[in-house]
A.B. asks: 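Starting off with a structure, shown below.
Quick note on labels: first sequence line is chain A, next is B, and so on, each numbered from 1.
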Protein chains: 2
Amino acid sequence: MNICLNMFNDELNNLINMKNTLHPFVLIVDDEEDICEIIKFNLESEGFKVDTAYSAEEALRKQLTKYHLFIFDIMMKGMSGYRLADEVRNKKKLKTPVVFLTAKNTENDKLTGFSLGADDYITKPFSVRELIARVKAIMRRPGHQDTEEPVRLKIAGLELDQEKKRLFIEGDKIDLTPHEFYIMMLFLNHTGKVFTREEILNYAWKDNINVLDRTVDVHITRLRKKLRNYGKYIISRSGHGYCFEIE
Amino acid sequence: MNICLNMFNDELNNLINMKNTLHPFVLIVDDEEDICEIIKFNLESEGFKVDTAYSAEEALRKQLTKYHLFIFDIMMKGMSGYRLADEVRNKKKLKTPVVFLTAKNTENDKLTGFSLGADDYITKPFSVRELIARVKAIMRRPGHQDTEEPVRLKIAGLELDQEKKRLFIEGDKIDLTPHEFYIMMLFLNHTGKVFTREEILNYAWKDNINVLDRTVDVHITRLRKKLRNYGKYIISRSGHGYCFEIE
DNA sequence: TATAATTGTAACACAATTGTAATAAAGATG
DNA sequence: CATCTTTATTACAATTGTGTTACAATTATA
């Protein structure tokens, strides 16, 4: 009955996620160097490549096209994160997603952030885990996914259509909920591999901060039902976790 | 004379044979010397080899490649633990795992309002037991325990699949319980080497504080059964412990 | 807003695993 | 060989892990 947070469980998750994304390159811009370091370390532990700048001006001197995601602090000495985002979006014509980071959390600020095309908006205090979960969620969105990933995963009579977000069993359409879908994606991409509940949560949940690991069990039960006679191939390995394996 | 020789041999063994050490070498960096000593004492009594540094700068003057795990205090005079981690990871290109220590009621301005995921770090005051359990969990993880551990361990007709958490005997699937699995991992990674019951407990149990060493015997018996005709290769060396050796 | 879909949790029953103690067997020692 | 120590095996109890359901909470949708 553990809440599923463990600092050491991310290594595997890393491998899993990084298979589905190209090596994501993140630029963090914050004038508080320690904050940069903390985020940098944590994202790197998750397999991201990270660059930092301690001011908007410094950021603008970089070759910005090479990044896949920006994390901007709003309140910075000199040019603010808002203006930096504006520069990047409008003058440099980049569509790179931006996550804003700030202590301010009024509605006005949020609206300003989104009008600039922020992809997410994280207010301090925030947990490192939350940030990482959100960044991963963004990277998982269409357009940031690994292009060489097959759209359809076929195994025996099962077919997971990643565009339709749907499962076909012997041709029958089976709608999956988001979590169910990602769990299946994890399983079908690595059949036979045993995943701990933590790994499953890390992969299939955008934000697993407040979710018990036993929740996974319930989703497994629901999935098994939906999978009909394939349900039995979701195998539980007591003490290890779950895996999907035919035969 | 003897002491010197032993130290030298030990040191040499560490540098040359990092991969197969059962006595992981840990570097603790904390500007509070007392904390260093406490952790050091406890880890040493668990069979770890421990070195300490009282500042990040001092740590960086060491030969860092020889350690298997770092424990960094975040808040230190001079360079912070995060900076140190960054140096180690990026400049020195080391993948050595890092455990951060942080005081619960830190008043550092730069981090105010920034909540570290409580479970991402070990917070002071922390239980030594917890620290040790986590450190051991790390050391056991594929990719961290040894530099590059193969996913599959093959010996004769045996194959231990670390993703599937399963043993194959001449191709036959044999499911292993968590403890059985880790014991096999220990044996197959060091065939021929004799392990005391204590060493086996230390490796295969996350928390062996309340476990009798006789328990190992029972697990050995169970393993032997599962190993079928390979069971006889788990050899008991009276007064020493157990080892796995084919012929 | 009302309605449906999805999700998370608690509770319980059941299953697997683990730890211990008792006893038998094997090994070490003199 | 006799004695003591260590190991093997078994059975059982304790603990831990899993499956399932119902229900409340949340979120999406009409």
A.B. asks: Using a 4.0 Å heavy-atom cut-off to protein, can you give one letter per nucleotide of nucleotides 15-20 of chain C, 5' to 3': B if the base is in contact, S if only the sugar-phosphate is, - if neither?
C.D. replies: -SSBBB
A.B. asks: Before accepting this row, confirm whether a basic side-chain N of the pair Asp175(A)/Lys165(A) lies closer than 4.0 Å to the acidic partner's carboxylate O.
C.D. replies: no
A.B. asks: Glu198(B) has an atom CD; how far is it from atom P of dT6(D), in whole Å?
C.D. replies: 15 Å
A.B. asks: Strictly under 6.0 Å, is that where the ring centroids of Phe100(B) and Phe41(A) end up?
C.D. replies: yes
A.B. asks: Whole angstrom is fine here: how far is it from CD1 in Ile200(B) over to P in dT7(D)?
C.D. replies: 11 Å
A.B. asks: Rounded to the Å, how far apart are Arg224(A) CZ and dT18(D) C1'?
C.D. replies: 9 Å
A.B. asks: Over how many whole Å does the gap from Arg197(A) atom CZ to dT16(D) atom P extend?
C.D. replies: 15 Å
A.B. asks: In whole angstroms, how far is the C1' atom of dA11(C) from the CG atom of Asp217(A)?
C.D. replies: 14 Å
A.B. asks: Among Lys193(A), Arg197(A), Arg237(A), His219(A), exactly one meets side chain to side chain donor-acceptor pair (under 3.5 Å) together with Tyr242(A). Which residue is that?
C.D. replies: Arg197(A)
A.B. asks: Please confirm whether the ring centroid of Phe25(A) lies under 6.0 Å from the ring centroid of Tyr67(A).
C.D. replies: yes
A.B. asks: What is the separation between atom OH on Tyr182(A) and atom P on dT6(C), rounded to the nearest whole Å?
C.D. replies: 15 Å
A.B. asks: Taking only residues two or more places apart in sequence, or in another chain, which ones meet Phe168(B) in a side chain to side chain contact (heavy atoms under 4.5 Å, CB included)?
C.D. replies: Arg152(B), Glu159(B), Asp161(B), Lys164(B), Arg166(B), Lys173(B)
A.B. asks: Would you please confirm or rule out a distance under 4.0 Å between OP1 or OP2 of dA8(D) and any side-chain N or O of Tyr242(B)?
C.D. replies: yes
A.B. asks: dG17(D) C1' sits how many Å from Ile235(A) CD1, rounded?
C.D. replies: 17 Å
A.B. asks: Can a donor-acceptor pair be found, under 3.5 Å and without considering hydrogens, that links the side chain of Thr191(B) to the backbone of Leu188(B)?
C.D. replies: no
A.B. asks: Charged N to carboxylate O below 4.0 Å: is that the case for Glu180(A) and Lys226(A)?
C.D. replies: yes
A.B. asks: Which whole-number value in Å describes the distance from Lys165(A) NZ to dT6(C) P?
C.D. replies: 15 Å
A.B. asks: Would you say a side-chain N or O of Thr221(B) is under 4.0 Å from OP1 or OP2 of dA8(D)?
C.D. replies: no
A.B. asks: Just checking Ser236(A): base, sugar-phosphate only, or nothing, at a heavy-atom cut-off of under 4.0 Å?
C.D. replies: sugar-phosphate
A.B. asks: Choosing from dT9(D), dT10(D), dG19(D), which nucleotide comes nearest the side chain of Lys225(B)?
C.D. replies: dT10(D)
